[in-house]
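Heavy-atom basis, side chains included; hydrogens, waters and symmetry copies ignored.
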Amino acid sequence: MNMDGICDPRFGAVRAAFAECFAEGLEHGGGVSVVVHGKTVVDLWGGHADAARTRPWRQDTLINVWSCTKGVVALAIAMLVERGRLDYAAPIARYWPEFAAGGKERITLDQVMSHQAGLNGLAVPMDEAGMFAWTPFVDALAAMPPLWEPGSRCIYHALTYGHLAGEVLRRVDGRSIGRFIGEEIASPLGADFHVGLPDGEDSRVAEMIEGPGASDWVDFVRASPFPHAADNPAPRALAPNDRVWRAAEVPGGNGQSTAHALARIYGMMAAGGVWEGHPLIGRAAIEAAARQRVRGTDESFAAPTAFAAGYQMEDPVYGGRASPQTFGHTGWGGAIGFADPGAGVGFGYVTNRMLGFDDMDPRRKMLIEAVYDSL
């Protein structure tokens with residue numbers, strides 16, 4: 001197994017844990033990065049970018065990070081809230097008048113961001129092409145009635161979250177969510193993160209590999225009382241291997257990133273919105289976005305859930321050792337990014353070997369425990 005990068009000697013346990021993931025056969029290719037008080041202390045990568053093991057994982061290898069994208073979308077929305085362009089308490093229809101159809105005139109931005117909007121999927125047929133084209137998908141969302149009473153429960157909006165938040169952003173800013181993230185977040189931070197990947201960057205993308213049980217959740221949700229997130233279109237584990245997927249903007253789940261990029265984004269937020277002396281967003285705006293909105297049981301997953309405005313709160317994957325104000329987002333199959341403001345930590349982990357959700361991903365647990373052991 002090839003492994004490269006930098007690791008502060010104090011965080012040698014993270015290097016050892018990353019190596020153990022490969023030694024135990026859990027990992028195929030990926031990276032882990034840790035920022036502490038604005039300084040990168042770990043930035044490691046290793047393994048292979050393709051299933052045939054012909055391409056080594058490199059410093060600039062990109063991989064689809066699935067729902068980790070949601071956390072970066074949440075930052076984009078928080079930036080516009082801070083600028084007075086959006087209000088979490090305002091109805092979506094204030095910014096997107098067509099959205100009021102079907103009795104949705106009172107659904108707020110807060111409810112969308114915390115998965116309480118009653119729009120966890122479409123009730124009409126929609127293929128991937130319609131989702132990629134943007135307008136057919138958002139027009140269908142605007143026209144439909146809620147699938148359940150908004151605000152009554154938290155049901156994960158797996159794919160619709162990104163189009164709902166992204167259309168609101170487009171209505172007030174004029175830019176697509178991918179362009180906004182590129183210009184306002186990725187470029188200022190020097191973070192290699194993309195929603196809508198240009199052709200010229202495609203050669204850097206790793207091949208996604210579906211491990212055992214990775215797609216079991218789709219059938220589980222489909223059999224639940226709230227199945228709509230699993231259809232119209234159905235999530236596909238290997239969709240990121242298609243160029244059309246990478247080229248589109250699917251802000252609920254097709255961000256292409258390195259571990260270093262996730263750690264920089266969350267490291268900036270852990271430091272109060274400043275990176276290398278340059279402010280990106282105010283501390284108060286971060287705290288407003290990271291304030292818990294809902295806690296309960298997600299009846300589509302039959303699992304506990306807690307959300308802020310786009311961020312998972314008190315998630316067990318943070319290792320149980322993070323400070324109470326920790327926030328972030330996991331991604332299907334293994335990826336994760338989070339900020340722990342109490343410890344000044346920004347963390348990013350990416351992988352091309354997708355594992356299932358039956359238990360906490362052992363790779364994430366090993367890596368995050370090693371970080372906190374080293375602090």
Side-chain angles (χ1 to χ4, degrees), residues 33-42 68-90 108-114 165 168-169 172-173 175 177 180-191 193 251 255 257 259-295 306-315 317-319 321-330 336-348 368 371-372 375:
S33 189
V34 184
V35 168
V36 180
H37 298 305
K39 179 184 178 182
T40 300
V41 295
V42 177
C68 291
T69 314
K70 291 180 171 71
V72 184
V73 171
L75 172 58
I77 294 294
M79 293 170 74
L80 288 178
V81 170
E82 181 182 46
R83 296 172 190 178
R85 305 293 302 279
L86 292 172
D87 181 344
Y88 288 123
T108 65
L109 179 59
D110 234 351
Q111 289 174 327
V112 165
M113 301 302 290
S114 58
V168 171
L169 182 146
V172 301
D173 182 79
R175 287 174 284 184
I177 184 68
F180 185 97
I181 287 170
E183 294 177 355
E184 300 275 359
I185 298 173
S187 181
L189 288 175
F193 189 97
S257 185
H260 185 57
L262 287 176
R264 284 175 85 91
I265 291 168
Y266 281 104
M268 174 273 297
M269 288 193 281
V274 177
W275 184 257
E276 296 179 345
H278 301 289
L280 193 76
I281 184 173
R283 186 182 299 274
I286 296 169
E287 292 174 350
R291 177 180 56 81
Q292 184 174 285
R293 267 65 170 185
V294 63
R295 175 197 297 273
F307 268 97
Y311 296 108
Q312 293 168 322
M313 305 299 295
E314 298 179 9
D315 196 286
V317 81
Y318 301 147
R321 302 186 42 197
S323 62
Q325 62 265 50
T326 298
F327 61 93
H329 216 294
T330 56
I336 181 174
F338 70 84
D340 181 346
V345 168
F347 180 88
I368 294 169
V371 171
Y372 284 94
L375 289 174

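Legend: residues meeting side chain to side chain contact (heavy atoms under 4.5 Å, CB included) with Ala284, ordered by chain and number and at least two apart, are absent. For Arg295, the side-chain hydrogen bond (donor to acceptor under 3.5 Å, both in side chains) partners at least two apart in sequence or on another chain are Gln292, Glu314. Residues meeting the side-chain hydrogen bond (donor to acceptor under 3.5 Å, both in side chains) test with Arg175, sequence neighbours left out: Asp173, Glu183, Glu184. For the ring-ring contact (aromatic ring centres under 6.0 Å, His included) test, residues two or more places apart in sequence or in another chain that qualify with Tyr311 are Phe327. For Ser114, the side-chain hydrogen bond (donor to acceptor under 3.5 Å, both in side chains) partners two or more places apart in sequence, or in a different chain, are Gln116. Remark: Arg283 pairs with Glu287 by the side chain to side chain contact (heavy atoms under 4.5 Å, CB included) rule, at least two apart or across chains. With sequence neighbours left out, Gln111 forms a side-chain hydrogen bond (donor to acceptor under 3.5 Å, both in side chains) with no residue at all. In this structure Ser323 satisfies the side chain to side chain contact (heavy atoms under 4.5 Å, CB included) test together with Gln325, Thr326, Asp340, sequence neighbours excluded. Phe338 meets the ring-ring contact (aromatic ring centres under 6.0 Å, His included) test with Tyr318, Phe347; sequence neighbours excluded. Residues forming a side chain to side chain contact (heavy atoms under 4.5 Å, CB included) with Ala309 (at least two apart in sequence, or on another chain): Tyr88, Asp110, Met113, Arg293.
Note that the OH atom of Tyr266 and the OG atom of Ser33 stand 14.0 Å from one another [nearest 0.5 Å]. Interatomic distance, Met313 CE to Phe307 CZ, rounded to the nearest 0.5 Å: 10.5 Å. To the nearest 0.5 Å, atom CE of residue Met79 and atom CD1 of residue Ile185 are 5.0 Å apart. Distance check: His260 NE2 to Leu189 CG gives 10.0 Å after rounding to the nearest 0.5 Å. Taking CG of Leu75 as the reference point, atom CG of Leu80 lies at 10.0 Å (rounded to 0.5 Å). In this structure, the separation between CG on Leu169 and CG on Leu86 is 7.0 Å, given to the nearest 0.5 Å.
For Glu82 (side chain) and Ile281 (main-chain N/O), no donor-acceptor pair under 3.5 Å exists by modelled atom type.
Pairing each heavy atom of Ala263 with each of Val34, the nearest pair is CB-N, 4.2 Å. Contact record, Cys68 with Gly337: SG-N, 4.0 Å, taken as the closest heavy-atom pair. The two atoms that bring Ala186 and Phe193 nearest to each other are CB-O, 3.7 Å, heavy atoms only. In terms of heavy atoms, Ile177 sits closest to Ala76 at CD1-CB, 4.0 Å. Minimum interatomic distance between Val36 and Ala343 (heavy atoms only, all atoms of both residues): CG1-O, 4.2 Å. When every heavy atom of Pro188 is checked against every heavy atom of Gly182, the shortest pair comes out as CD-O, 4.4 Å.
When side chains are defined from C-beta on, Ile265 counts as touching Val72, because their heavy atoms get closer than 4.5 Å. You'll find the side chain of Ile336 reaches within 4.5 Å of the side chain of Ile368, heavy atoms only.
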Any chance you could lay out the side-chain contact (heavy atoms from CB on, under 4.5 Å) test for Leu375 and Val345, step after step, and finish with the verdict? CA-CA 10 Å; Leu375 289 174; Val345 168; 4.1 Å; yes
Please report, to 0.1 Å, the donor-acceptor pairs under 3.5 Å made by any side chain of residues 268-280, with sequence neighbours excluded.
none

